[in-house]
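Report on the following structure.
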Amino acid sequence: MPQHLIEPHGGSLVNLLVDQQRAAEMKVLSRDWPSWDLTARQLCDLELLISGGFSPLRGFMCKADYESVCGEMRLSSGILWPMPIVLDVSREAAESLKVGSILALRDFEGTMLAALNVEQIWQPDLNAEAQNVFGTANYEHPGVAYLAASTNPYYIGGTIEAVTPPHHYDFVDLRLTSAQVRQKFASLGWRKVVAFQTRNPMHRAHQELTFRAAANLQANLLIHPVVGVTKPGDVDHYTRVRCYQAVLTHYPKNTAMLSLLPLAMRMGGPREAIWHAIVRKNYGCTHFIVGRDHAGPGSDSSGRPFYGPYDAQELLTKFQDELQIEMVPFKMMVYVEDQDTYAPVDEVGEGVNVKSLSGTELRQRLESGREIPSWFSFPEVIAELRRTYPPRSRHGFTVFFTGLPSSGKSTLANVLITKLMEIGGRPTTLLDGDLVRKHLSSELGFSKEHRDINIRRIGWVALEITKNGGIAVCAPIAPYDSIRKEIRQMIQPRGGFILVHVETPLKVCEERDLKGLYAKARAGVIKEFTGISDPYEEPKDADLTIDTTELSPEECVQIIILHLEKEGYIGTTD
Ligand code: PPS
């Protein structure tokens, strides 16, 4: 390793990969070892442990380190370290282990990535951890929510021997380890490098900020976005990386580099900022940009921010000497219209006309297909975001009819499908009750259990169609409220979900008796018949209710079409 690069945290860069011979040996031995399937966060942590991004850590923390990190932000050796890096496992897994056991750590496919020499097993106080690390026990903080809802009750500490790092198939050329980044800096002659951490797409403000930071310091720039686990609801990393690749072309040639960091963020604000700085130091960076509300989770439901906007900068200042990597503090950047330039908000004089666009406003503009101003972002970035977040008129959606047998669901579904195909623009699929029973659910009967399985299958297919931009029109009886709600919750985050209650009264349905089934049900020939000998729970959450008694199918479907238009699913851009 070239001598002129900044020292890794704790003095040397950790590499937990064993040689080939030991790896082969471990594979054979592992047949007798207990296994643990790593969660998404644990996979990220393991990747950075293995490759030295988390130097000086050599495994998942034992209790002394954990408690010292939670309480004092230091490892028990005294080295500054603000974030617990722990392996949480189920009670069942913990009970199958003892000190001295070797635990095989496996990825989603079952591949053994590493082995943990079990040194300690304990039950942590997760509430105390939340208070210490995040300064709150409020579940609205994503880090606290993770501790409360997604963390297993036992922690296992011990050193690691790694067979192979987690495998990635995406953006392979951009996934450099700390050693590889250092190597690259050395070969390019980059001695002074400022790192930029981000979990969001980069726009003009970020480009200006990073460019200024690098230019002021006469340093090179490492754009180092997190592609592990970020805040729920963030833009997916595939889209973001395409945006970063576009932004990279807006720096002077050969001054900036892009590399992806497989970190699982905790949204821990100031503590997390210190952690991020340490990781970047391990990657060979000499400077680290800390902006407004670094790694902050925003505000709680009463509008109170979890951390002050510049708390992270203050905390880093306190530990600056120990950290060695130098913080580059930045205020929020705003667009100064008169000068057609960006500037930190504190450098703008009174009365000067400034502009900014919040993330929420950006999302709304994307949703409705409205213009995104060119002062805000680069055309290539806007184009990428528009591909991922098309306006509602190009979203997929599901129209889910529910109602008694012979209420008119199938007729309306058929007319609706025809009208939607006439409008065009999206692939359209009909999942009628009878059709589904024939092709997807032929083995099922009409017990509650079987009806729920049937609806869940319909919901799954509708979800696949919806999330890929198509239209699913479903027309089962779906008599139970809970399963209808479950389907809505599945589909709504990935597109539109419109529940249409065909509320034609039982009397009318029975008079129609299109298939003669009501007569058979009355005669007791058919059992568990909805409306006669089986329940129908009327929805209270229907987006539309339509009684087909007095209206023609065309009139009923017009109600639906107008609703879709009002909600933006059918628009002028179709
Ligand atoms: S469910 O409850 O949603 O799973 O029912 P679904 O799959 O939509 O039912 C499809 C058609 O099955 C016929 N059928 C019955 N319906 C209700 N109860 C019983 N016991 C029953 N036996 C057969 C009925 O004709 C349903 O079609 P529609 O179009 O609703 O009349």
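Each ligand, and each atom within it, is numbered from 1 in the order the structure gives.
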Note to self: Please list, in number order, the atoms of ligand 1 under 4.0 Å from a heavy atom of Arg451.
What the structure shows: 1 (S), 2 (O), 4 (O), 5 (O), 17 (C), 18 (N), 19 (C), 20 (N)
Next item on the list: Using a 4.5 Å cut-off on heavy atoms from C-beta on, say whether the side chain of Lys409 contacts that of Asp432.
Entry: no
Notebook entry, point to check: Is Gln123 atom CD crowded by more than 12 heavy atoms from other residues, nucleotides or ligands, each under 6.0 Å away?
Noted result: yes
Notebook entry, point to check: Of the protein's non-hydrogen atoms, which lies at the shortest distance from atom 15 (C) of ligand 1, and what is that distance?
Noted result: Phe446 CE2, 3.4 Å
Margin query: Which residue and atom name correspond to the protein heavy atom nearest atom 31 (O) of ligand 1, and how close is it?
Written below: Lys515 NZ, 3.2 Å
Note to self: Only heavy atoms of Ser406, strictly under 4.0 Å: list the atoms of ligand 1 that pass.
What the structure shows: 31 (O)
Margin query: Using a strict threshold of under 4.0 Å (side-chain N to carboxylate O), is an ion pair present between Arg451 and Asp534?
Written below: yes
Notebook entry, point to check: Which of the numbered atoms in ligand 1 are below 4.0 angstrom from a heavy atom of Thr530?
Noted result: 17 (C), 18 (N)
Next item on the list: Please write down residue, atom name and distance for the protein heavy atom closest to atom 16 (N) of ligand 1.
Entry: Ile477 CD1, 3.3 Å
Notebook entry, point to check: For atom 10 (C) of ligand 1, which of Asn454, Asp434, Leu514 has the closest heavy atom?
Noted result: Asp434
Check: Taking 4.0 angstrom as the limit, do Arg41 and Asp88 come out as a salt bridge?
Finding: no
Checklist line | N or O contact, Ala478 vs ligand 1, cut-off under 3.5 Å | finding: yes
Margin query: Ring of Tyr480, cation from Lys448 - is the NZ or CZ under 6.0 Å from the centre and inside 45° of the axis?
Written below: yes
Next item on the list: Identify the residue among Glu272, Arg271, His141, His294 that makes a side-chain hydrogen bond (donor to acceptor under 3.5 Å, both in side chains) with Tyr307.
Entry: His141
Next item on the list: Return yes if a side-chain donor-acceptor contact under 3.5 Å exists between Thr239 and Glu384, otherwise no.
Entry: no
Next item on the list: Examine Leu517 against ligand 1 and note whether any of their N/O atoms are separated by less than 3.5 Å.
Entry: no
Next item on the list: Determine, considering heavy atoms only, which of Arg437, Lys438, Lys409, Arg457 sits nearest to atom 7 (O) of ligand 1.
Entry: Arg437
Note to self: Residue-level breakdown please: for Val436 versus ligand 1, do any non-hydrogen atoms fall below 4.0 Å on the side chain, on the backbone, on both, or on neither?
What the structure shows: neither
Checklist line | Nearest-contact summary for atom 20 (N) of ligand 1 - protein heavy atom, Å | finding: Glu528 O, 2.7 Å
Item checked: Residue pair Asp541, Arg488: steps toward the salt bridge (charged side-chain N to carboxylate O under 4.0 Å, His left out) verdict -> CA-CA 10 Å; Asp541 59 345; Arg488 184 194 282 277; 3.8 Å; yes
Next item on the list: May I ask you to list the atoms of ligand 1 that are less than 4.0 angstrom from any heavy atom of Ile455?
Entry: 3 (O)
Next item on the list: Starting from the C-alpha separation in whole Å, work towards a yes-or-no answer on side-chain hydrogen bond (donor to acceptor under 3.5 Å, both in side chains) for Thr504 and Thr549.
Entry: CA-CA 6 Å; Thr504 314; Thr549 315; 5.1 Å; no
Next item on the list: Number the atoms of ligand 1 from 1 as they appear, then name those within less than 4.0 Å of a heavy atom of Lys527, with their elements.
Entry: 20 (N)
